[in-house]
Colleague: 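Here it is, the structure, as structure tokens.
Residues: numbered from 1 along the sequence shown. Since we're looking at a predicted model, the values are computed, not measured.
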Amino acid sequence: MSHDMTHDQASYLELLARGAAAEAYDRPALLARAEGAGPDALAALEHAKRLALRVRAELAERRRREAELSALFETAHDLAGLRDLDAVLRAIVQRARSLLGTEVAYLCLNDPAAGDTYMRVTEGSVSARFQQLRLGMGEGLGGLVAQTARPYVTDSYFDDPRFQHTRTIDSGVQDEGLVAILGVPLMLGSQVIGVLFAADRHARVFEREQIALLGSFAAHAAVAIDTANLLGETRTALAELEKANEIIKEHSAVIERASDVHDRLTELVLRGGGVHDVASALSEVLDGTVEFAYPDSRSVTALELTGTEGRAKRHGELWGAAVSAGGELLGALVLSGHPGLDPVDQRTLERAAMVTSLLLLARRSAGEAEQRVRGELLDDLLDAPDRDPRLLRERAVRLRADLDAPHVVLAARIDGPVPGTAGAPGVTERETTDRRRLWSAASHLAATGQGLAATRDGGTVLLLPLAPGDTAADLARRTAGQLGGALREPVTIGASTVVEAPAARPGAIAEAYAEARRCLDALRLLGRSGDGAAAQDLGFLGLLLADTRDIEGFVERTIGEVVAYDLRRGTDLVRTLGAYFASGMSPARTKDELHVHVNTVAQRLERVARLLGPDWQSPARALEIQLALRLHAMSEAVVR
């Protein structure tokens with residue numbers, strides 16, 4: 001029987017062209033044998049197969065080398081435009097994991113101050129314990145790499161006696177489920193500064209080319225760290241040079257400007273000018289732009305540094321001098337456009353701040369009467385809910401307040417010792433002063449925000465309107481920052497839920513105040529001094545504090561993304577989360593509980609981290625997630 005040998009041999013070229021699997025190269029010889037080809041023809045086909053397989057292997061090797069060179073080129077490109085060291089190191093570890101085809105890759109750096117080694121970047125890791133691992137010098141495979149400055153590899157870590165095994169390291173490696181590990185040193189000159197690892201959760205032999213490739217990535221990582229250190233030193237040197245240059249100033253017209261501003265400020269006081277008149281006069285004298293900023297101004301970062309003593313201080317390109325009286329910050333005079341302010345001009349800015357404080361105190365005395373009226377209206381809303389709503393509306397309109405709009409009740413207090421506790425036998429003079437200062441600042445804030453304020457229960461209560469798109473929690477945090485900035489002390493604020501129309505339901509104000517007080521007490525017990533929050537900010541604790549038990553809202557805020565993902569994709573992330581926590585947050589034990597491979601658990605937990613955020617395994621978040629899982633399971637059971 002004749003056979004077309006040229007056609008069969010050409011079929012090997014077709015297999016090469018389409019990148020067929022190695023098994024496909026046996027087919028031409030099998031077909032030829034079935035068709036009765038002679039020994040010579042079969043030998044020729046066998047020879048052609050060997051040549052084709054050799055060409056296939058060389059092509060695969062070239063493609064692998066091209067991928068490696070491309071990754072190394074991209075890494076070098078990242079280094080050339082280095083902006084964020086962490087981003088470059090993450091890219092290096094990700095590429096190493098991808099090209100070596102490992103399940104996990106990670107990079108450790110030495111900490112000379114602590115005398116140990118810590119995890120800097122991990123990729124593919126799902127164990128919180130492993131990601132937070134700190135190793136003593138000389139411990140584990142990484143310790144051997146650091147001591148010898150040479151790569152080391154093991155195909156079965158726990159069976160390898162070459163390493164100094166410790167309970168901490170072995171527990172972390174076991175929790176991650178790692179078996180085969182390759183480590184190469186990060187070198188700066190002759191010094192080992194860390195180790196780059198690639199690892200799998202099953203036994204594996206790393207080839208020499210793979211060890212060399214990981215070593216190349218380690219060299220890039222060392223260069224990135226060294227470059228970042230050099231950039232940091234350069235920036236420090238440049239900052240010192242800029243500071244030195246700023247010292248050299250021209251003083252020719254300073255005294256004349258100081259005399260001019262003194263005359264102008266005196267004239268302003270005599271004719272009853274305002275704070276903006278002071279700022280305008282000062283702008284001309286100091287050859288810049290001077291503005292008066294209230295303590296709650298978002299545009300003025302100089303308030304962070306001014307203090308309450310009235311000294312001029314610089315913040316970036318701005319100069320600021322506090323306007324204060326009796327320890328209370330009333331605002332600040334802020335100068336822009338003149339970063340090189342000499343000492344005499346600094347004193348000029350400080351004297352202007354003192355004059356501004358006198359003008360503000362005069363204006364405040366006129367406004368205190370209005371503040372007392374606002375406090376009386378809020379007292380009536382709290383203590384006499386049966387008042388005629390029509391009369392309450394009329395009184396509010398005279399104070400430019402709209403009690404038919406949504407409002408939030410806020411309970412505010414300056415943090416300090418609680419009267420009656422050890423070290424605080426009663427209401428001290430300092431506490432009385434603090435209460436008065438808090439009420440004054442809160443009354444000013446309420447007046448400018450079309451709200452009400454009154455003193456109550458050793459603190460201050462505010463009734464503020466809620467802006468569209470705002471939440472009670474947002475308003476509480478913003479108010480805590482505004483009052484804390486005004487008083488230069490932490491002010492803690494608890495917020496109620498929204499009261500839709502206070503004039504229509506005056507009795508709701510007292511209930512909302514009670515809820516705000518409970519939230520305030522919870523914040524103080526939690527040690528969140530100077531914070532502002534509503535019940536929705538406090539997780540499961542908020543369920544206990546709020547008048548309404550919003551269990552469904554708590555579950556949605558905590559694990560809603562995971563539940564929604566399961567519903568859309570038909571996945572099983574919620575059940576995986578429950579098994580993970582039930583197994584002590586161990587991926588190895590979780591896979592036994594779910595009867596799946598540990599890689600499946602790792603992939604699911606990576607998806608959970610993308611949905612819930614990288615801190616989902618922190619103690620506080622983990623506790624809330626577990627409670628939300630229980631409540632979700634209960635609600636599902638009720639529905640069924």
Colleague: Could you grab the distance from atom CD of Gln132 to atom OG of Ser127, nearest 0.5 Å is fine?
Modeller: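 The distance works out to 8.5 Å.
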
Colleague: With the side chain counted from C-beta on, respond yes when Leu100 and Leu182 share a heavy-atom pair under 4.5 Å apart, and no when they do not.
Modeller: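 They are in side-chain contact.
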
Colleague: Do the ring planes of Tyr152 and Phe163 sit parallel (below 30°), tilted (30 to 60°) or perpendicular (above 60°)?
Modeller: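 Rings of Tyr152 and Phe163: perpendicular, over 60°.
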
Colleague: Thinking salt bridges, do Arg134 and Asp111 make one under a 4.0 Å N-O criterion?
Modeller: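 Salt bridge: yes.
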
Colleague: Would the distance check show the side chain of Arg97 and the main-chain N or O of Glu103 forming a donor-acceptor pair, the cut-off being under 3.5 Å?
Modeller: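 Between the backbone of Glu103 and the side chain of Arg97 there is a qualifying donor-acceptor contact (under 3.5 Å).
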
Colleague: Are Val195 and Leu107 side-chain neighbours, meaning at least one heavy-atom pair lies under 4.5 Å?
Modeller: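 No; the side chains remain at least 4.5 Å from each other.
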
Colleague: Do Leu186 and Leu109 have side chains that approach each other closer than 4.5 Å (heavy atoms only, starting at C-beta)?
Modeller: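 Leu186 vs Leu109: side chains touch.
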
Colleague: Checking His165 side chain against Asp160 main chain: does a donor-acceptor pair fall under 3.5 Å?
Modeller: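 At least one qualifying donor-acceptor pair exists.
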
Colleague: Between Asp474 and Thr471, do the side chains contain an N or O donor and an N or O acceptor separated by less than 3.5 Å?
Modeller: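 Side-chain D/A pair, Asp474 to Thr471: present.
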
Colleague: Just checking Gln94: does its CD atom have more than 12 heavy atoms from other residues, nucleotides or ligands closer to it than 6.0 angstrom?
Modeller: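 Above 12, so yes.
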
Colleague: Please examine the side chains of Ile181 and Asp155, heavy atoms only from C-beta on, and report whether any two atoms are closer than 4.5 Å.
Modeller: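 Not in contact.
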
Colleague: Quick one: pull up NE2 in His595 and OG1 in Thr590 and give me the separation to the nearest 0.5 Å.
Modeller: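 The OG1 atom of Thr590 is 12.0 Å from NE2 of His595, to the nearest 0.5 Å.
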
Colleague: If only side-chain N and O atoms count, and only distance matters, is there a donor-acceptor pair under 3.5 Å linking Gln617 with Tyr580?
Modeller: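 Side chains of Tyr580 and Gln617: pair found under 3.5 Å.
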
Colleague: Assess whether a salt bridge exists between Asp592 and Arg589, defined as any Lys/Arg side-chain N lying under 4.0 Å from an Asp/Glu carboxylate O.
Modeller: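 The answer is no: the pair does not qualify as a salt bridge.
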
Colleague: With rounding to the nearest 0.5 Å, note down the distance linking NE2 in His220 to CD1 in Ile225.
Modeller: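 It comes to 13.5 Å.
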
Colleague: Could you verify whether a donor N or O on one side chain and an acceptor N or O on the other, from Thr102 and Asp200, lie under 3.5 Å apart?
Modeller: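 Not at all, the side chains of Thr102 and Asp200 share no donor-acceptor pair under 3.5 Å.
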
Colleague: Evaluate the ring planes of Phe130 and Tyr106, with Trp represented by its six-membered ring, and classify them as parallel (under 30°), tilted (30 to 60°) or perpendicular (over 60°).
Modeller: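 Perpendicular: the ring planes of Phe130 and Tyr106 meet at over 60°.
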
Colleague: With a 4.5 Å limit on heavy-atom distance, are the side chains of Glu176 and Ser125 in contact?
Modeller: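 Side-chain contact under 4.5 Å: yes.
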
Colleague: Check whether any side-chain heavy atom of Ile211 lies under 4.5 Å from a side-chain heavy atom of Glu207, and answer yes or no.
Modeller: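 A side-chain contact under 4.5 Å is absent here.
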
Colleague: Do the non-hydrogen side-chain atoms of Leu605 and Leu573 ever get within less than 4.5 Å of each other?
Modeller: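 The answer is no, as the side chains (C-beta and beyond) never meet within the 4.5 Å cut-off.
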
Colleague: So with a 6.0 Å cut-off around CD of Gln131, is the heavy-atom count from everything else above 12?
Modeller: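 It does: Gln131 CD has more than 12 such atoms within range.
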
Colleague: Is there a side-chain contact between Met119 and Thr122 (heavy atoms, below 4.5 Å)?
Modeller: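 When only atoms from C-beta onward are counted, Thr122 and Met119 do touch, with a gap below 4.5 Å.
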
Colleague: Kindly compute the distance separating CG (Asp175) from CE (Met585), expressed to the nearest 0.5 Å.
Modeller: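 Here the interatomic distance stands at 9.0 Å.
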
Colleague: Rounded at 0.5 Å granularity, tell me how far CD in Gln482 sits from CD1 in Ile493.
Modeller: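 So the CD of Gln482 and the CD1 of Ile493 are separated by 8.5 Å.
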
Colleague: Can a side-chain donor-acceptor contact be found between Arg604 and Thr576 if the only test is distance below 3.5 angstrom?
Modeller: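 Note: Thr576 and Arg604 side chains meet the donor-acceptor criterion.
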
